[in-house]
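Report on the structure given below.
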There are 2 protein chains.
Amino acid sequence: MKEGPDITSVAALVGDPARANMLSALMSGLALTAGELAREANVTAPTASAHLAKLREANLVTMVVQGRHRYFKLAGSDVAAALEGLMDLAARIGNLRTRPGPRDAAMRAARVCYDHLAGVAGVRIYDALIASGAIVVSAEGLSLSNVGRARFIAEGIDIDAIERKDKAICRACLDWSERRSHLAGPLAKAFLDLFLARGWANREAVGRAIRFSSAGQAAIEAFIARQALDTAKSSSRSMA
Amino acid sequence: MKEGPDITSVAALVGDPARANMLSALMSGLALTAGELAREANVTAPTASAHLAKLREANLVTMVVQGRHRYFKLAGSDVAAALEGLMDLAARIGNLRTRPGPRDAAMRAARVCYDHLAGVAGVRIYDALIASGAIVVSAEGLSLSNVGRARFIAEGIDIDAIERKDKAICRACLDWSERRSHLAGPLAKAFLDLFLARGWANREAVGRAIRFSSAGQAAIEAFIARQALDTAKSSSRSMA
DNA sequence: TGGATGTTTCGGCGCGGAACGAAGCATGTC
DNA sequence: GACATGCTTCGTTCCGCGCCGAAACATCCA
């Protein structure tokens with residue numbers, strides 16, 4: 001009778017407000033304790049514990065015990081991607097946020113999408129990388145060109161270190177606020193990590209918003225400008 | 001407190017078994033009557049009516065009255081894409097179908113994804129189109145190259161007719177069974193429509209599976225072979 | 001060892017909502 | 001006009017499950 005995988009259980013899991021809030025909080029990519037998630041979802045500890053048990057059983061989140069704390073985080077980037085997809089649909093369907101507040105504006109400008117950069121900043125960087133040929137799109141997905149490899153190494157990213165795994169080094173992730181793609185995957189994670197490590201970008205105390213320092217802002221603009229420069233060199237093949 | 005669009009309502013809507021079954025059935029791209037959907041979900045007419053009212057209110061499905069029948073279909077390809085995303089996650093998360101039966105095998109080989117072709121066949125065609133340069137991927141998404149345009153016209157597709165709209169002529173859609181992209185959008189719809197019109201492909205009586213006639217099978221292989229031929233001409237730029 | 005903090009288990013309350021039968025409106029057929 | 005078919009509205013029942021408080025368990029600190 002039924003066809004394809006069973007959507008119901010996953011959707012029902014996400015469909016509960018408390019769990020949805022928890023998952024949204026985990027979209028920051030951070031590992032959060034059960035207590036923190038309980039507060040995030042506005043429920044008591046016992047309730048949160050029950051919810052987290054279900055999410056864990058469904059392999060949506062993973063848990064790691066550290067002392068008397070239990071840290072939860074999303075099971076993987078695929079879960080994050082699915083949640084982004086739902087956010088995208090929710091945004092289109094009409095469930096727009098009641099009224100975009102200052103925090104929403106910051107979120108739109110730049111935010112963390114599980115482990116990489118999203119929002120206007122993320123999309124701009126992605127566009128520049130594609131246009132300059134640093135990232136190439138093929139049937140198998142995104143791949144890093146030799147030009148792009150050199151450029152990222154010049155930025156200070158240890159490509160070799162993140163390339164070990166047999167997984168793709170980068171992929172596209174749909175951006176719910178911009179409705180365009182931004183860069184995801186190990187490369188994108190390394191890129192964000194670099195900015196955080198250098199103090200060019202800072203997470204807000206709570207939530208997923210990212211704030212750039214003036215140096216960071218300048219670094220981003222310079223990075224994009226460098227891509228544009230290389231783009232100008234290569235003749236752009238105009239398409240219909 | 002909450003960040004990003006409100007996932008909850010959409011996910012909760014999909015999370016109900018009856019509604020999930022209805023939506024799955026509508027993934028065939030066909031417009032189905034309330035009665036048909038009730039049978040598909042194994043509920044009585046009143047129950048189905050209530051569910052459909054909710055789906056309609058949430059803009060997940062649209063309704064068109066025709067005589068004493070009410071036809072429902074997915075509100076758009078974005079809804080279909082989100083559902084595919086959930087299927088993808090469900091498949092990875094471990095909710096694999098109990099045991100892949102013959103119908104599942106047929107689904108995996110070729111099926112309808114809302115209005116275009118998916119499954120092994122869809123992915124192969126997509127790969128061939130990208131490799132040959134008929135379809136080009138850019139930051140803005142997929143676009144049809146001049147070469148590709150000529151090729152599709154040669155196949156008998158009226159590109160001009162489907163290009164009027166200011167929407168993109170094609171885009172990528174993630175395939176839950178293959179975990180790769182296949183072609184979606186007006187162009188993909190026209191491609192499938194052509195195959196159906198020529199009798200090269202037939203829908204199974206119920207469900208989303210597609211069966212190719214021997215002529216259709218040959219046509220697909222020939223189409224892919226033609227792409228490969230052109231691919232050989234253009235030098236492939238090797239990347240890391 | 002004892003007391004504080006973090007987390008889970010247990011038991012029970014209560015609400016939301018999914019389900020159905022029967023009746024009410026439409027539309028199409030004879 | 002009368003009857004059949006398709007769908008919706010209404011009223012009711014009932015089950016699931018989210019929620020909490022209290023208590024048990026675990027871990028850290030003193």
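- Salt bridge A:Glu84/A:Arg208: present, at least one basic N to carboxylate O contact under 4.0 Å.
- Closest approach of A:Leu187 to A:Leu183, counting heavy atoms only: CD2-CD2, 4.2 Å.
- With DNA chain D read from its 5' end, the first of the two nearest nucleotides for B:Thr47 and A:Thr44 is the one closest to B:Thr47.
- Using modelled atom types, one side-chain atom of B:Arg19 and one backbone atom of B:Leu13 make a donor-acceptor pair closer than 3.5 Å.
- Residues passing the side-chain hydrogen bond (donor to acceptor under 3.5 Å, both in side chains) test with A:Arg203, sequence neighbours excluded: none.
- With a 4.5 Å cut-off on side-chain heavy atoms, A:Met22 and A:Leu52 count as touching.
- Protein chain B contacts DNA chain D over a range whose 5' and 3' limits, counting nucleotides with an atom under 4.0 angstrom from a non-hydrogen atom, are D:dA4 to D:dT9.
- Side-chain contact between A:Leu55 and A:Phe72 is absent, with no heavy-atom pair separated by less than 4.5 Å.
- B:Leu26 places a side-chain heavy atom less than 4.5 Å from the side chain of B:Leu37.
- Classified by interplanar angle (parallel below 30°, tilted 30° to 60°, perpendicular above 60°), the ring pair A:Phe152/A:Phe223 is tilted.
- A heavy-atom distance below 4.5 Å is found between the side chains of B:Met27 and B:Leu83.
- Using a 4.0 Å cutoff on non-hydrogen atoms, the parts of residues 60-76 of chain B near DNA chain C are B:Gly67, B:Arg68, ordered by number.
- Inter-residue side-chain proximity for B:Lys189 and B:Ser77 is flagged as unmet; no heavy-atom pair is nearer than 4.5 Å.
- The shortest side-chain heavy-atom distance between A:Leu23 and A:Leu74 falls under the 4.5 Å cut-off.
- B:Thr47 places no side-chain N or O within 3.5 Å of a backbone atom of B:Val43 that could act as its donor or acceptor partner.
- The side-chain hydrogen bond (donor to acceptor under 3.5 Å, both in side chains) test applied to A:His116 returns A:His182, not counting sequence neighbours.
- At the heavy-atom level, B:Ala34 lies under 4.0 Å from the strands shown only through sugar-phosphate atoms.
- Boundaries of the chain A contact region on DNA chain C are C:dA4 to C:dT9, first to last in 5' to 3' order (nucleotide atom under 4.0 Å from a heavy atom).
- Of the residues in residues 50-57 of chain A, those lying under 4.0 Å from DNA chain D by heavy-atom distance are A:His51, A:Lys54.
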